[in-house]
Amino acid sequence: MCKMLSVVVSVYNEEQALPMFYKATKSVLESLEWDHELLFINDGSQDGSLEILRKLAKEDERVKVIGFSRNFGHEAAMIAGIDHAVGDAIVCMDADLQHPPECLTEIVAKLHEGYGVINMVRTRNASAGILKNITSFGFYALINTLSDVKFEPNASDFFAISRQAADVLRKSYRERVRFLRGYVQNIGFKKTTIAYEAADRVAGESKYSIRKLFAFSVNTIMCFSNLPLKLGIYAGVFAALMGMAVMVYTLLTRKGAPSGYATIVILNCFMFAILFVIVGIIGEYIAVLFSELKDRPIYIVEEKQNFCDGIGTFCPTAHSDTPPHP
């Protein structure tokens with residue numbers, strides 16, 4: 001029985017790159033032994049990306065299109081693709097051709113060897129610039145220090161997972177603040193890595209500004225480390241030790257101090273110490289509750305193509321982040 005490979009592609013304002021991506025990727029997919037489907041997730045594009053995807057879906061029955069009601073972000077688009085993919089394995093990649101389609105051949109070879117998770121690791125990304133390369137290195141160094149989970153440095157959103165691994169992501173790991181490539185490295189299964197050199201973007205520009213990357217990094221740290229919540233406790237202990245040090249110093253040198261000075265300093269230090277400890281404890285509980293309390297959908301699907309009654313069917317629909325798989 002022929003196996004199927006699902007290729008999930010997040011699309012946001014990529015009208016110039018899409019025709020080149022489709023041609024290059026389709027050529028590689030046709031050369032594989034596996035059958036395939038191409039799932040394009042239109043993440044609220046403001047250009048002509050959706051019209052191009054609709055045209056591709058009408059011309060190619062293996063092209064499936066999901067259109068979001070608005071922009072939900074790259075992570076949500078990949079999750080939506082994983083939720084709707086039906087292949088025996090899933091590959092997530094970008095539409096700008098920085099993730100080389102030629103790597104699909106090597107990915108399928110690794111899948112044949114029984115690997116359930118394949119992380120694609122960048123060896124070089126010249127188009128990112130010195131600043132982004134430095135900040136990327138610093139981010140992985142920081143998160144590996146703070147988190148119990150150790151991440152593969154320079155792992156990207158270009159990865160492959162088996163159907164079994166995908167089922168885990170569909171049923172679990174549904175947090176609203178998420179780091180998908182981190183989840184992929186955290187779910188276990190037989191893992192391997194494939195090195196690749198990121199190509200230059202064929203069109204457009206990066207959708208991640210320094211500000212967005214910073215916010216993304218903060219969210220990632222919150223996903224995989226509770227150390228920031230404990231900073232209040234550590235600050236409280238530090239303040240208490242400082243209070244004791246100031247107390248000893250004040251008692252030894254109080255001859256020149258104004259009346260009541262020692263008492264005020266000692267009380268302030270200890271009161272702040274108690275306050276930081278209490279805030280840290282409350283933060284531990286609030287962090288657990290608040291992450292799931294709002295329970296908003298990860299994404300909302302406005303329309304689909306090649307999913308419904310027949311090939312080429314255009315199917316407007318309302319759909320949240322509930323996976324279609326049982």
Side-chain angles (χ1 to χ4, degrees), residues 1-11 17-18 20-41 56 60-64 74 77-79 81-127 140 149-170 173 180-202 325:
M1 182 178 178
C2 182
K3 291 187 176 182
M4 175 178 283
L5 181 69
S6 297
V7 179
V8 173
V9 186
S10 172
V11 177
L18 280 172
M20 290 179 282
F21 172 83
Y22 172 76
K23 182 179 179 180
T25 305
K26 188 69 176 179
S27 175
V28 176
L29 290 173
E30 292 287 357
S31 69
L32 301 177
E33 297 178 358
W34 291 31
D35 195 2
H36 66 271
E37 62 173 359
L38 264 170
L39 277 73
F40 290 98
I41 317 299
L56 291 176
D60 186 348
E61 64 185 39
R62 289 186 173 88
V63 172
K64 299 181 179 181
H74 182 60
M78 290 191 293
I79 291 173
I82 291 172
D83 287 346
H84 290 81
V86 298
D88 297 284
I90 301 171
V91 177
C92 288
M93 60 193 306
D94 293 341
D96 55 16
L97 286 178
Q98 285 196 298
H99 298 160
E102 296 78 16
C103 292
L104 293 173
T105 302
E106 192 172 355
I107 288 173
V108 169
K110 292 294 183 182
L111 291 169
H112 274 301
E113 295 175 15
Y115 289 101
V117 173
I118 302 171
N119 290 303
M120 305 298 294
V121 178
R122 290 189 305 266
T123 57
R124 182 174 176 271
N125 187 8
S127 63
Y140 278 104
V149 180
K150 300 306 176 186
F151 299 101
E152 189 74 35
N154 293 322
S156 65
D157 289 324
F158 186 18
F159 59 82
I161 52 177
S162 66
R163 176 183 289 175
Q164 185 180 10
D167 285 339
V168 173
L169 295 176
R170 292 175 185 131
Y173 293 92
L180 186 57
R181 79 184 74 161
Y183 298 159
V184 168
Q185 296 186 50
N186 189 41
I187 57 177
F189 299 102
K190 187 180 178 181
K191 295 190 294 185
T192 188
T193 61
I194 296 177
Y196 76 98
E197 184 174 321
D200 292 333
R201 290 180 60 89
V202 295
H325 299 263

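When every heavy atom of Ala85 is checked against every heavy atom of Arg170, the shortest pair comes out as O-NH2, 3.0 Å. Nearest heavy-atom pair, Ala77 versus Val8, reported as atom, atom and distance to 0.1 Å: O-CG1, 4.4 Å. In terms of heavy-atom proximity, Met120 sits nearest to Cys103 at CE-CB, 3.8 Å. In terms of heavy atoms, Val117 sits closest to Gly188 at CG2-O, 3.7 Å.
Taking a cutoff of 4.0 Å between a charged side-chain nitrogen and a carboxylate oxygen, Lys110 and Glu106 do not qualify as a salt bridge.
Residues Asp157 and His74 meet the side-chain proximity criterion, which asks for heavy atoms closer than 4.5 Å. Using a 4.5 Å cut-off on side-chain heavy atoms (C-beta onward), Asp94 and Phe158 make no contact. Within the 4.5 Å cutoff, the side chain of Arg122 has heavy atoms near those of the Tyr196 side chain. Under the 4.5 Å side-chain criterion, counting only non-hydrogen atoms from C-beta, Met20 is in contact with Leu97.
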#### Entry: Worked verdict on Glu33 versus Val108 for side-chain contact (heavy atoms from CB on, under 4.5 Å)
CA-CA 9 Å; Glu33 297 178 358; Val108 169; over 6 Å; no
### Message
Val9 vs Ile41, test: side-chain contact (heavy atoms from CB on, under 4.5 Å). Steps then yes/no.
### Response
CA-CA 6 Å; Val9 186; Ile41 317 299; over 6 Å; no
### Query
Which is it for Leu32 and Leu5 under the side-chain contact (heavy atoms from CB on, under 4.5 Å) test, yes or no, and what are the steps along the way?
CA-CA 10 Å; Leu32 301 177; Leu5 181 69; 4.2 Å; yes
#### Entry: side-chain contact (heavy atoms from CB on, under 4.5 Å) between Val63 and Tyr22, intermediate numbers included
CA-CA 10 Å; Val63 172; Tyr22 172 76; 3.6 Å; yes
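Asp88 places a side-chain N or O within 3.5 Å of a backbone atom of Met4 that can act as its donor or acceptor partner. Listed for the Glu37 side chain is a donor-acceptor partner under 3.5 Å among the backbone atoms of Val86. Of the possible polar contacts, one joining the Thr25 side chain to the Phe21 backbone as a donor-acceptor pair under 3.5 Å is found. Using a distance-only test at 3.5 Å, with no hydrogens or angles considered, a donor-acceptor pair links the side chain of Ser31 to the main chain of Val28. Judged by distance alone, the side chain of Ser6 and the main-chain N or O of Ile90 form no donor-acceptor pair under 3.5 Å.
To the nearest 0.5 Å, atoms NZ (Lys191) and CD1 (Ile161) are separated by 13.0 Å. Rounding to the nearest 0.5 Å gives a distance of 9.0 Å between CD of Glu30 and CG of Asp35. Within the model, atoms CE of Met93 and CG of Leu38 stand 9.0 Å from one another, a figure rounded to the nearest 0.5 Å. Annotation: the span from Ile107 atom CD1 to Thr192 atom OG1 amounts to 11.0 Å, rounded to 0.5 Å. Atom OG of Ser10 and atom CG of Leu39 lie 12.0 Å apart (nearest 0.5 Å). Separation of atoms NE2 (His36) and CG (Leu104) is listed at 10.5 Å; rounding is to 0.5 Å.
Dense packing is recorded around CD of Glu113, with more than 12 heavy atoms of other residues, nucleotides or ligands lying under 6.0 Å away.
Paired with Tyr183 under the rule ring-ring contact (aromatic ring centres under 6.0 Å, His included), one option of Phe159, Tyr173, Phe189 passes, and it is Tyr173.
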